[in-house]
There are 2 protein chains.
Amino acid sequence: MASILDVAQASGVSVATVSRALRGLDRVSESTRAKVLAAARELNYVASPTAASLASGRTRIIGVVTPFSDRWYFSTLISGVEKSIRDHAHHVLLLDLEESASGRRSVSHDLVGKRVDGVLVLNMVLDPQEEQVLHDLGLPVVTVGRSYDAWSSVGIDESGTVDAAARHVVGLGHRDIAYVGDVAEDAAYGEVPGQRFGAFRTVLEEAGIPVRREWVRTSDWTSYDAARDARELLSREERPTAVVAGSDEMALGVLAAAVELGLSVPGDLSITGVDDIPMAQTFGLTTVRQDVRAVAERAGDLLMASLGTGRSRPDEPPVPERILLPTELVVRRSTGAPA
Amino acid sequence: MASILDVAQASGVSVATVSRALRGLDRVSESTRAKVLAAARELNYVASPTAASLASGRTRIIGVVTPFSDRWYFSTLISGVEKSIRDHAHHVLLLDLEESASGRRSVSHDLVGKRVDGVLVLNMVLDPQEEQVLHDLGLPVVTVGRSYDAWSSVGIDESGTVDAAARHVVGLGHRDIAYVGDVAEDAAYGEVPGQRFGAFRTVLEEAGIPVRREWVRTSDWTSYDAARDARELLSREERPTAVVAGSDEMALGVLAAAVELGLSVPGDLSITGVDDIPMAQTFGLTTVRQDVRAVAERAGDLLMASLGTGRSRPDEPPVPERILLPTELVVRRSTGAPA
DNA sequence: TTGAAAGCGGTACCAT
DNA sequence: ATGGTACCGCTTTCAA
């Protein structure tokens, strides 16, 4: 592998000049720059990111901390972030904390220390120790889906999602409405499930509709669990005419149960979700769309903007920003007036 | 941030000894090691991966080259790989080539040069130039879902998947069978679609069943396109009694179309998929399961095993391995005998 | 068992 | 506009 010295010799200048020329800095004559570029190309030279990092104090790597990397929402975020920061010549280092019933790895000193220039935290509830670690490291941090006092964040108005869905259903005339997805807050899901369910509750109360305890199901934020719960729910004597779900995955689980039980949608049952995952369109699911890629992009931009230059960290970043992106009700064929 | 020198001073030994002690090398007395460990812990010391890389010639980073990072199959692979190589103290650098209609980025010298210790290529068709780049770099490479002469690979018996599904359907007595997912080979999907369709063709021919051209649909390997195609297919006067799909996503698209058209599954139509994505279970889809996480794990292990120690690359890696993992027919409620 | 010192391949400051 | 040269923080001989 050619090194900067090889290029310097090949083009008859010093390594300092090569470095400047290749990075597009000024104070390099055009003719020199051309010579250097030619030599570099000729030698197939690529600067060692490692050496550059050591010397500059900048790794050009962003750590993406996530509880899952294989679920739709998270992989979409990760993919979006990757594209967003790549435009700034940065790379993504995947830090999957592997959320599971038995807990998860934690954000520790040695996980991110000296390894990344900044951290993106995706929909996670960090404990105080973890917050402290990130502070001590002095790393720029941007979070998605949850805010912390000291850091900027990007998200959507969570309660606005189910709010729109519930209003839509109520507006169609439903009064027997069930909810799927009331997960207890924990590190895995953050506050989102609670916020969404809260909105459901509020809309029904405002409409003077009682929230029936037996029509509120937890599920585990997966389609399979939602299907199981819905099967039971829809087999009872008294069944709802509509089900509002906290996510499309769960809504599709409910839809699967309905199909299995021979119920017609929306004839016998209306169903709504949140997210607008690709399958939602396929199944004609009414949902509230969030633009996850846009969230990822904004988060990436925010983080890039807060990156200091070189070894000197920016002093306390200015006021943390709170960006909330809009969502949009998408009415498809899974909702209609009650029979 | 504490450096190795701080630890050395704090524990009263040289940096060389600290380095040895911290990395668990021998030739360090137990008492010295204890002192060093204590000092390191006290100072919250974490060795700079950057400096270590520069000095050792090893980055402990694996580049994962993928055409998509947000589709189920790929994000599951990526997640699995991350876990697999983390056990070896390596990290994943995500290299999303962003496959799209207008092409994709390519594996170039500066994308992977000096940046990673090895490369994992996920279900992609590399062009000769890209192969050359990886060869020139002398990087260990392991591929998933496609084999190259020089590199080890992990995959499943692709034709075996649809083979099992088609035999199952034929065994149930179906003779009017359609296929969804005959994508032309291209860099985005590799050879998988062709192999799967080939199996379909073979099974039908062996059973003496003609493959009707108008019952073979391309779709774009997405549920939405499959639903569109199926809607058209199932609205014709003559319609198949079974649809074999090249993936679960597409199979679910067909299912969505069937539900929409009021067809009963499997009464009016049997459907099979491939993969066993989570939603497949939810919808009771008969499919051929592949263990994507196991594939990822094996690929990770293979790559770790082929990593040389330090600056010296292993001479030509031994014989490339070809690992094929088994698949399994999972019969659920989307298939039954024809009416 | 321990330490001294030469790199690793760049960056960035200071001269010229 | 260009070159000289201290670092950056760790690993790895080689001596002691």
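A, B, ... follow the sequence lines: proteins, then strands. Residue 1 opens every chain.
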Of the nucleotides [options], which has the atom closest to the [X] side chain?
| X | options | answer |
| --- | --- | --- |
| B/Ala51 | C/dA4, D/dG3, D/dC10 | D/dC10 |
| B/Ala47 | C/dT2, D/dC10, D/dT12 | D/dC10 |
| A/Thr32 | C/dG9, C/dT1, D/dT2 | D/dT2 |
| B/Ala55 | C/dC8, C/dT2, C/dT11 | C/dC8 |
| B/Ser29 | C/dA5, C/dT11, C/dT2 | C/dT2 |
| A/Tyr45 | D/dG3, D/dT11, C/dG10 | C/dG10 |

Starting from [atom2] on [N], measure out to [atom1] on [X] and report it in whole angstrom.
| X | N | atom1 | atom2 | result |
| --- | --- | --- | --- | --- |
| B/Leu5 | C/dA5 | CG | C1' | 14 Å |
| B/Gln9 | D/dC10 | CD | P | 12 Å |
| B/Arg115 | C/dC8 | CZ | P | 21 Å |
| B/Leu54 | C/dC8 | CG | C1' | 4 Å |
| A/Lys35 | D/dA1 | NZ | P | 14 Å |
| B/Met1 | D/dC8 | CE | P | 15 Å |
| A/Arg23 | C/dG9 | CZ | P | 17 Å |
| A/Asp6 | C/dC8 | CG | P | 11 Å |

Quick one: side chains of residues 36-48 of chain A, donor-acceptor pairs under 3.5 Å with protein atoms, not counting sequence neighbours, listed by atom name and distance.
| residue | atom | partner | partner atom | Å |
| --- | --- | --- | --- | --- |
| A/Ser48 | OG | A/Thr50 | N | 3.3 |
| A/Ser48 | OG | A/Ala51 | N | 3.0 |

Does a side-chain N or O from [X] land closer than 4.0 Å to OP1 or OP2 of [N], or not?
| X | N | result |
| --- | --- | --- |
| A/Thr17 | D/dG3 | yes |
| B/Ser56 | D/dT11 | no |
| A/Ser48 | C/dC8 | no |
| B/Thr50 | D/dG9 | no |
| B/Lys114 | C/dC8 | no |
| A/Arg20 | D/dA1 | no |
| A/Ser19 | C/dT11 | yes |
| B/Arg58 | D/dT12 | yes |
| A/Arg33 | D/dA1 | no |

Do [X] and [Y] make a side-chain contact, defined as non-hydrogen atoms from C-beta onward lying under 4.5 Å apart?
| X | Y | answer |
| --- | --- | --- |
| A/Arg293 | A/Ser79 | yes |
| A/Leu325 | A/Asp291 | no |
| B/Asn123 | B/Leu77 | yes |

Q.
Categorize A/Ala52 for me: base, sugar-phosphate, or nothing, with a 4.0 angstrom heavy-atom threshold over every strand shown.
A. sugar-phosphate
(Q) Using heavy-atom distances to pick each residue's nearest nucleotide on DNA chain C, tell me which of A/Ala16 and B/Arg27 is more 5'. (A) B/Arg27
Q | Distance, nearest 0.5 Å, that separates CG of B/Asp301 from OG of B/Ser306 | A | 11.0 Å
Could you tabulate the donor-acceptor pairs under 3.5 Å formed by side-chain atoms of residues 124-143 of chain B, not counting sequence neighbours?
| residue | atom | partner | partner atom | Å |
| --- | --- | --- | --- | --- |
| B/Asp127 | OD1 | B/Gln129 | N | 3.0 |
| B/Asp127 | OD1 | B/Glu130 | N | 2.9 |
| B/Glu130 | OE1 | B/Arg104 | NH2 | 3.0 |
| B/Glu130 | OE1 | B/Asp127 | N | 2.9 |
| B/Glu130 | OE2 | B/Arg104 | NH1 | 2.8 |
| B/Glu130 | OE2 | B/Val107 | N | 2.7 |
| B/Gln132 | NE2 | B/Asp136 | OD1 | 2.9 |
| B/His135 | ND1 | B/Glu131 | O | 3.2 |
| B/Thr143 | OG1 | B/Arg146 | O | 2.5 |

